[in-house]
Number of protein chains: 2
Amino acid sequence: MTENTHATSTQVQLVSRPDGWPTAEDFRTVTVQLDDLGENQVRVANEFMSVDPYMRGRMSDAKSYIPPFVLGETMDGGAVGRVVASRSADLPVGTLVLHQLGWRDVAQADAGAFRAVADLPGASPSLYLGILGMTGLTAYVGLTEIAHLAPGETVFVSGAAGAVGTAVGQIARLLGAGRVIGSAGSDEKVALLKEKYGFDAALNYKTAPVREQLAELAPGGVDVFFDNVGGDHLEAAIDVMNDHGRLALCGAISQYNTTDTAEGPDNMVKFIKGSLSMRGFTLGNHLDKAGEYNEKMSEWFADGEIQYDETVVDGIENAVDAFLGLMRGANTGKMVVRTS
Amino acid sequence: MTENTHATSTQVQLVSRPDGWPTAEDFRTVTVQLDDLGENQVRVANEFMSVDPYMRGRMSDAKSYIPPFVLGETMDGGAVGRVVASRSADLPVGTLVLHQLGWRDVAQADAGAFRAVADLPGASPSLYLGILGMTGLTAYVGLTEIAHLAPGETVFVSGAAGAVGTAVGQIARLLGAGRVIGSAGSDEKVALLKEKYGFDAALNYKTAPVREQLAELAPGGVDVFFDNVGGDHLEAAIDVMNDHGRLALCGAISQYNTTDTAEGPDNMVKFIKGSLSMRGFTLGNHLDKAGEYNEKMSEWFADGEIQYDETVVDGIENAVDAFLGLMRGANTGKMVVRTS
């Protein structure tokens with residue numbers, strides 16, 4: 001038992017389900033008084049919380065792989081913070097922990113809800129929300145378990161300047177890809193992909209149709225497509241897939257906030273002619289790969305093989321703006337909110 | 001060496017590449033004088049030739065898995081016939097043979113181009129072009145290698161009254177499917193699916209949107225979709241696929257003769273939410289399964305477990321009409337041309 005530090009928690013709640021683009025009115029921020037710590041409970045001052053595209057799905061109540069956010073209650077999501085009060089011998093004050101009680105600046109729960117992680121020498125704990133966490137694992141699982149990337153193959157990644165996309169490009173190269181192509185939404189991001197992240201080619205999807213640009217950048221075709229965007233990106237990729245190509249569908253951010261019926265790819269027949277396979281996935285079904293991934297990524301990271309960007313928004317009160325910015329592509333690399 | 005019997009061959013040639021629906025003007029029928037038999041050659045009087053949807057692809061010169069028909073030359077395709085003259089000890093006169101020299105009433109080539117098959121007691125040799133041949137193998141490969149059908153699962157087959165479709169429905173049941181649903185283009189075919197082929201439910205896609213009908217017929221969702229049609233059928237199937245469902249794309253007959261850009265499925269995001277996988281295939285990559293299939297099908301056939309229909313068109317001179325009829329769905333079961 002420690003003194004009653006951080007006794008209030010500022011939290012963001014969903015109050016209505018957005019139809020199309022979420023607006024500020026769909027959320028409210030409240031400050032609640034925390035109970036005294038119960039036995040085996042800990043209190044954590046969050047340092048960073050994650051905003052992720054999948055959260056848009058949880059704001060709707062359509063059937064999905066993950067339950068929707070409950071209206072009028074505080075949302076959750078990935079966060080990293082430090083124990084500030086503890087009635088658990090396993091998690092003493094000062095321990096850095098990773099957990100799912102995001103969208104609040106202080107989290108309190110049974111010790112089992114938190115996992116201790118190492119302080120990284122010279123690096124931000126927020127990396128546990130990105131390249132060293134679920135984001136990086138998502139990239140790894142998509143390339144290996146879903147798309148069966150083989151050495152020498154050509155990979156195309158949509159939304160390549162995002163958190164998952166920058167991980168995909170680098171991990172693909174480290175796994176032996178022959179050529180890595182990415183798409184992004186600005187010339188600055190395109191330059192970053194080529195100069196910092198080692199992409200062989202990149203296109204700005206806002207300046208000309210993806211279909212035209214991709215055909216030019218992939219004269220030898222594409223073997224593996226890692227999709228974060230959907231829509232025109234998926235259609236363009238199908239066009240250029242080599243025989244026996246694999247498409248891993250991870251996200252479809254272009255579709256998440258539209259209320260229109262989305263017209264699908266006009267070239268589905270290519271799946272038959274080219275013996276293509278496509279598979280959608282969500283990380284929850286592949287958490288058994290975490291150990292393998294952590295081992296490989298720790299080594300790559302220690303060897304200085306991994307670049308990353310973070311877009312950091314300050315303050316829990318700006319978390320909704322951060323999420324909306326993410327939906328519009330305002331981030332480069334992982335988007336996090338600094339809550340401390 | 002035998003007497004010079006069947007010395008002429010009537011053959012169908014492609015003279016122009018159809019844009020959209022093929023017409024009679026895209027073809028010509030010629031009668032050629034055959035050379036004397038060379039050493040090791042045989043001459044075969046074809047009894048039946050196959051017309052198949054995949055042949056539409058070969059009439060175009062777009063890149064595909066199988067070379068296009070050559071303009072001004074005789075088309076080829078599956079056929080079954082009997083040796084009428086032989087300079088090969090392996091294939092004496094009278095042998096029933098299966099081969100790829102269709103679209104002609106008499107075929108002549110090296111013995112290696114023909115494979116001897118058994119005369120079936122009480123059944124037509126044309127079955128080697130259907131359920132006992134590539135058609136049946138296509139159904140089997142799609143359900144097993146591509147879609148990994150498991151016992152108890154629900155299967156939806158589009159174009160279910162066609163040659164592949166009737167095979168899919170029956171083989172799915174024999175492999176333990178829990179519920180088998182099919183689509184067809186007339187009430188008569190729908191009745192046939194349920195009464196003769198053991199489908200649990202079937203819909204007529206011409207009377208109401210597939211999307212509406214399928215949702216009603218599959219209240220528990222679909223685990224395996226075997227697609228011969230594409231377009232609205234694929235879109236409807238995606239809607240109702242259960243989590244981890246598999247889609248095997250075998251054909252897209254709704255798309256083969258359209259010159260319009262085909263709007264794709266509007267529900268591709270479902271692949272991510274439902275962890276769906278989809279794979280297009282062509283039989284040529286899976287011929288290694290022929291032995292396994294022949295063994296199983298021989299047993300099922302001998303046990304009287306297999307029903308079939310054939311739509312037989314008489315005369316090589318009507319082969320083009322037969323093919324066009326196939327494209328329009330005029331057949332029930334396998335469409336063949338009797339060439340003898």
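Lettering of chains follows the sequences in order, A, B, ..., and the numbering in each one begins at 1. Atom set for the values below is all heavy atoms of this structure, side chains included, hydrogens, waters and symmetry mates excluded. Fair warning: this is a prediction, and the values are worked out from it, not measured in the lab.
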### Query
Considering only heavy atoms, which portion of B:Leu247 lies under 4.5 Å from any heavy atom of chain A: side chain, backbone, both, or neither?
neither

### Query
Which one, A:Leu276, A:Asp243, A:Asp227, leads in non-hydrogen pairs under 4.5 Å with chain B?
A:Leu276

### Query
Between A:Met278, A:Arg279, A:His244, which residue shows the highest count of heavy-atom pairs closer than 4.5 Å to chain B?
A:Met278

### Message
Please classify the contact of A:Leu234 with chain B as side chain, backbone, both or neither, using a heavy-atom distance under 4.5 Å.
### Response
side chain

#### Entry: Minimum heavy-atom distance B:Ile272-A:Cys250, with the two atoms named
CG2-O, 3.6 Å

### Task
Pick one of side chain, backbone, both or neither for A:Leu249, based on which atoms fall under 4.5 Å of a heavy atom in chain B.
both

### Residue selection (most heavy-atom pairs with chain B, distance under 4.5 Å) from A:Lys270, A:Lys273, A:Arg246
A:Lys273

#### Entry: Enclosure of A:Met134 CE (heavy-atom neighbours >12, cutoff 6.0 Å)
no

### Message
Using a 6.0 Å cut-off, check whether atom CD of B:Glu292 has over 12 heavy atoms from anything other than its own residue.
### Response
yes

